[in-house]
Protein chains: 2
Amino acid sequence: MPRRKSEPGLEPNRRAELLRAAAKLFVDKGFAATTTRDIAEAVGMRSGSPFYHFRSKQELLKAAMIEGLDAGRERLLAAIDGVADPEQRLRVLVRTHLGTLLEGDCRSPLLVSETRALDDKARGEIAAAFDRYQVPWQQALDELAAAGKLASAAPPVRLLLFGMLNWSSHWYRPDGTLSVDELAEAAVALLLRQPPQGTKR
Amino acid sequence: MPRRKSEPGLEPNRRAELLRAAAKLFVDKGFAATTTRDIAEAVGMRSGSPFYHFRSKQELLKAAMIEGLDAGRERLLAAIDGVADPEQRLRVLVRTHLGTLLEGDCRSPLLVSETRALDDKARGEIAAAFDRYQVPWQQALDELAAAGKLASAAPPVRLLLFGMLNWSSHWYRPDGTLSVDELAEAAVALLLRQPPQGTKR
DNA sequence: CCTACCGATCGGTAGG
DNA sequence: CCTACCGATCGGTAGG
């Protein structure tokens with residue numbers, strides 16, 4: 001529980017701190033159940049101060065989602081850089097995505113359901129960020145289909161895949177017997193027609 | 001917008017009406033963003049009256065979840081009654097589940113994420129209802145694995161399957177080009193090793 | 001970014 | 001199940 005004072009707006013990462021704290025609280029408690037006071041307290045501010053950085057609680061959610069998604073996208077792109085084999089690339093995408101979801105601080109993809117609190121304009125901007133996030137996925141799926149390793153690469157396949165992965169946040173327990181690596185492998189094995197070499201080694 | 005008066009507690013389905021309205025609102029707006037006044041208004045009561053039927057807003061959520069899950073389970077059991085072939089049975093389970101999720105009034109499985117608002121005891125009771133719901137699924141998966149139509153029937157497979165299905169509520173649009181039947185078929189095709197005859201007919 | 005504050009809303013209750 | 005209501009909380013703002 002940090003509790004420091006600082007000069008007006010001269011610390012450029014207080015905004016980022018607010019976003020990180022907000023994202024975490026929104027994921028854990030939900031948007032409506034999180035108060036702006038919770039967020040302020042998490043970064044050692046007074047109740048009114050978040051509104052110096054963001055116009056409204058909704059703005060905070062919107063920014064947390066978009067910047068979180070774009071950060072996740074950077075992580076994806078860095079991870080698949082130079083990975084030519086589409087099967088291996090998919091594996092890396094899945095593992096990286098699960099890392100963001102289950103191990104990260106800032107599990108933004110999980111906030112989709114909270115966008116119902118936003119207006120159409122904000123929802124549109126978030127949808128655009130999601131589209132950006134999905135590009136490398138669709139590309140890998142298309143290549144896999146072209147190589148005959150996937151029966152179809154139609155959009156529902158990508159969405160069903162995201163469903164498998166994202167829903168795991170509801171049941172996955174880090175202290176259980178299933179590692180994130182194994183979970184990633186299980187998801188990939190379900191997707192690909194012929195079970196990859198690493199299924200059960 | 002119903003608006004009737006009635007005698008104290010003598011209409012036995014007012015409780016059920018409250019539950020149905022609550023479930024719908026909780027799914028659409030989330031637990032925290034739904035007020036007990038919203039729920040009261042949806043069934044034509046005054047703001048204080050839901051508390052004649054339920055001790056608290058949390059009780060309402062708990063009851064809506066458990067009774068909704070058990071109703072969904074009845075629907076599942078009725079649908080697979082007499083279906084001996086496990087592949088066909090899985091198909092029926094998937095289609096029925098998607099019906100509950102995407103076409104029903106009372107899409108209780110979607111409320112999992114809202115259980116964070118409840119205490120451990122209530123969460124335990126809901127987890128038990130979920131376990132009951134999953135029994136016929138695990139049974140079908142086991143039979144499919146035994147018949148060699150599924151690489152594995154370990155628990156993650158069932159959970160990944162539920163993920164595919166449940167997450168669809170975030171993106172599926174009834175007015176789009178994809179019918180619920182097609183979505184069900186796509187999910188089953190992803191799961192089973194050899195694409196079933198009906199993939200693209 | 002803090003202090004001090006407002007107006008609105010909300011879950012819940014007493015008493016009938 | 002309604003009326004009338006309370007105490008607490010919350011998003012947001014003025015003014016510095």
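Computed from a predicted model, the values in this text were never measured in an experiment.
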Would you state whether a donor and an acceptor, one from the side chain of R55(A) and one from the base of dG12(D), lie under 3.5 Å apart?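 Result: no qualifying N/O pair found.
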
Quick one: which of [options] gets closest to the side chain of [X]?
X	options	result
K57(B)	dA4(C), dC2(D), dG11(C)	dG11(C)
F51(A)	dG11(D), dC1(C), dT3(D)	dG11(D)
T35(A)	dG12(D), dC10(D), dC1(C)	dC10(D)
R46(A)	dG12(C), dG11(C), dT3(C)	dT3(C)
H53(B)	dC1(C), dC10(D), dC1(D)	dC1(D)
M45(B)	dC1(D), dG11(C), dG12(D)	dC1(D)
Y52(A)	dG11(C), dC1(C), dC5(C)	dC1(C)

Using the rule given for side-chain contact (heavy atoms from CB on, under 4.5 Å), can you reason through L101(A) versus Y172(A), listing the C-alpha separation, both sets of side-chain angles and the distance that settles it, and then say yes or no? CA-CA 10 Å; L101(A) 239 51; Y172(A) 183 76; over 6 Å; no

Without decimals, in angstroms, what is the distance between [X] [atom1] and [N] [atom2]?
X	N	atom1	atom2	answer
R37(B)	dG11(C)	CZ	P	7 Å
L60(A)	dC10(D)	CG	C1'	15 Å
E59(A)	dG12(D)	CD	C1'	14 Å
L18(A)	dC1(C)	CG	C1'	11 Å
E41(B)	dT9(C)	CD	C1'	14 Å
I39(B)	dT9(C)	CD1	C1'	15 Å

With ring centroids as reference points, do F130(A) and H170(B) lie under 6.0 angstrom apart? no

Please check if the distance between the ring centroids of W171(A) and F162(B) is under 6.0 Å.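 Distance test on ring centres: not under 6.0 Å, no.
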
Paired nucleotide for dT9(D) [Watson-Crick or G-U wobble; both distances under 3.5 Å]: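 Its partner is dA8(C).
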
Residue matched to dG15(C) through Watson-Crick or wobble contacts both under 3.5 angstrom: dC2(D)

State whether the side chain of K149(B) and the backbone N or O of L141(B) hold a donor-acceptor pair below 3.5 Å, judged by distance alone. no

Exactly one candidate in R37(B), E17(B), H53(B) meets side-chain contact (heavy atoms from CB on, under 4.5 Å) with M45(B); the answer is H53(B)

Considering heavy-atom distances to DNA chain D, does S47(B) or S47(A) have its closest nucleotide positioned more toward the 5' end? S47(B)

Of D38(A) and S49(A), whose closest DNA chain D nucleotide lies nearer the 5' terminus? D38(A)

